[in-house]
Amino acid sequence: MIEVLTGLAVFISILIAVTFYRVLVGPTLYDRLLAVGAIGTYAVLLLALIGFIYERPSGFLDLAITYAILNFVGVVAIAKYLDLDSQSASDAAGGTEE
Amino acid sequence: MTPTDWIALPFVVAGAFFLFVSAVGLIRLPDFFSRAHAVGKSETLGSLLVLIGLVFHHGFVLESGKLILIVIFVAITNPTGIHTLTRAALRAGLDIWVHPRDRGMRVRTGDEIDAPPAATTSEGSRTEQGGVR
């Protein structure tokens with residue numbers, strides 16, 4: 001089973017490299033952010049797999065939990081910031097006076 | 001391989017397949033919203049299947065509790081984050097991809113979908129709106 005998990009870890013590393021293409025050439029900022037979030041989820045899986053490959057899963061699973069939380073907070077914070085930015089921009093353009 | 005590993009193997013392989021589908025969708029699909037569709041569902045399912053496979057591989061001890069915690073957390077937060085990102089992109093007015101066969105047709109926006117349908121069953125005198133599909 002260790003061989004299977006090692007193969008899966010290598011496979012996920014390849015997927016991270018492929019997904020990084022979207023970070024580099026993504027036409028919009030949102031594409032890049034989406035790819036960064038996807039890479040974060042792959043990294044959580046990679047941390048859990050490395051823990052089981054090295055037969056020491058306890059500490060690595062704590063790292064994976066922390067990484068999942070930070071990944072979620074980062075993506076949501078930047079998305080809300082962009083949402084606020086576009087709303088204030090449309091308010092400035094539309095000129096809805098209050 | 002222990003017997004529980006034979007239970008874990010299909011989960012892990014199916015999870016790897018769905019992760020592969022997610023990466024292919026992220027690279028190949030034509031616009032942001034379809035890419036978000038690929039990542040938001042396929043990647044979540046792939047992650048859950050791999051983590052459940054690891055639970056079966058390790059047996060039901062403390063580390064499996066941590067794994068189930070990651071499963072619950074990923075199942076809640078991954079679609080939520082991508083939904084937030086997609087809503088920001090929709091409000092920023094990102095272009096929506098249309099099939100080349102349908103270029104030139106009007107794409108109905110959200111307000112028109114929410115509005116009641118144009119009165120086609122009434123007296124039929126409202127033909128001035130008939131051109132709008």
Side-chain angles (χ1 to χ4, degrees), chain A residues 1-5 7-8 11-12 14-19 21-22 25-31 33-35 37-42 44-45 47-49 51-52 56-58 60-62 64-65 67-69 71-87 89-90, chain B residues 1-2 4-6 8-9 12-13 15-16 19-20 22-27 31-33 35-36 38-40 42-44 46-47 50-51 53-54 56-58 61-67 69-71 73-74 76-78 80-95:
Chain A
M1 195 65 188
I2 294 296
E3 294 82 12
V4 175
L5 295 184
L8 184 60
F11 182 67
I12 287 178
I14 295 171
L15 289 186
I16 287 177
V18 169
T19 308
Y21 168 81
R22 189 52 73 192
V25 308
T28 66
L29 179 59
Y30 301 97
D31 289 308
L33 264 177
L34 183 71
I39 287 177
T41 310
Y42 288 141
V44 171
L45 289 178
L47 277 172
L49 283 172
F52 282 101
R56 209 179 60 191
S58 184
F60 278 99
L61 285 179
D62 290 340
I65 291 174
Y67 203 88
I69 293 171
N71 185 29
F72 171 66
V73 169
V75 169
V76 168
I78 298 177
K80 295 298 271 188
Y81 172 70
L82 290 174
D83 201 4
L84 199 70
D85 201 33
S86 69
Q87 273 188 343
S90 70
Chain B
M1 287 180 57
T2 62
T4 53
D5 282 351
W6 288 105
L9 193 61
V12 170
V13 171
L19 290 177
F20 177 69
S22 147
V24 168
L26 187 62
I27 296 301
D31 74 339
F32 169 74
F33 296 103
R35 285 175 204 140
V39 173
S42 187
E43 196 190 26
T44 307
S47 309
V50 169
L51 290 172
L54 287 180
F56 279 114
H57 164 66
H58 195 62
V61 290
L62 174 65
E63 283 80 18
S64 300
K66 289 179 186 175
L67 274 173
L69 207 63
I70 299 179
V71 165
F73 197 76
V74 166
I76 293 173
T77 59
N78 204 3
T80 309
I82 292 171
H83 171 79
T84 313
L85 193 62
T86 311
R87 188 174 58 180
L90 187 65
R91 283 184 184 162
L94 214 63
D95 283 340

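In the text below, chain A, chain B and the rest are named by the order of the sequence lines, each starting its count at 1.
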Choice from [options] maximising heavy atom contacts with chain A below 4.5 Å:
| options | value |
| --- | --- |
| B/G15, B/S47, B/A36 | B/S47 |
| B/T84, B/V50, B/V12, B/T77 | B/T77 |
| B/A89, B/G40, B/A92 | B/A89 |
| B/V74, B/L69, B/L9 | B/L9 |

Quick one: does [X]'s side chain get under 4.5 Å of [Y]'s, heavy atoms only?
| X | Y | result |
| --- | --- | --- |
| B/F73 | A/I69 | yes |
| A/K80 | B/R87 | yes |
| B/H57 | A/L5 | yes |
| A/L49 | B/L54 | yes |
| B/I70 | A/L61 | yes |

Chain B contacts, top residue of [options] (heavy-atom pairs, under 4.5 Å):
| options | result |
| --- | --- |
| A/V25, A/L15, A/V75, A/L34 | A/L34 |
| A/Y21, A/Y30, A/Y81, A/F72 | A/Y30 |
| A/V73, A/D62, A/L82 | A/D62 |

Distance, nearest 0.5 Å, that separates [atom1] of [X] from [atom2] of [Y]:
| X | Y | atom1 | atom2 | answer |
| --- | --- | --- | --- | --- |
| A/D31 | B/F33 | CG | CZ | 9.5 Å |
| B/L19 | A/I14 | CG | CD1 | 13.0 Å |
| B/L85 | A/I78 | CG | CD1 | 9.0 Å |
| A/I2 | B/D5 | CD1 | CG | 8.5 Å |
| B/R35 | A/T28 | CZ | OG1 | 7.0 Å |
| A/F52 | B/E63 | CZ | CD | 7.0 Å |

Pick one of side chain, backbone, both or neither for [X], based on which atoms fall under 4.5 Å of a heavy atom in chain B.
| X | value |
| --- | --- |
| A/V44 | side chain |
| A/V18 | both |
| A/L8 | side chain |
| A/Y42 | both |
| A/I12 | side chain |

Provide the closest heavy-atom pair for [X] versus [Y] in the form atom of the first, atom of the second, distance.
| X | Y | answer |
| --- | --- | --- |
| B/K66 | A/S58 | NZ-OG, 3.0 Å |
| B/A88 | A/A79 | CB-O, 3.5 Å |
| A/V76 | B/G81 | CG2-CA, 3.9 Å |

Please look at [X] and chain A and tell me whether the side chain, the backbone, both or neither of the residue comes under 4.5 angstrom of a heavy atom of that chain.
| X | result |
| --- | --- |
| B/L26 | both |
| B/L94 | side chain |
| B/F32 | both |

Determine whether more than 12 heavy atoms belonging to other residues, nucleotides or ligands lie under 6.0 Å from atom CZ of A/F11.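 Counting neighbours around CZ of A/F11, more than 12 heavy atoms of other residues, nucleotides or ligands fall under 6.0 Å, so yes.
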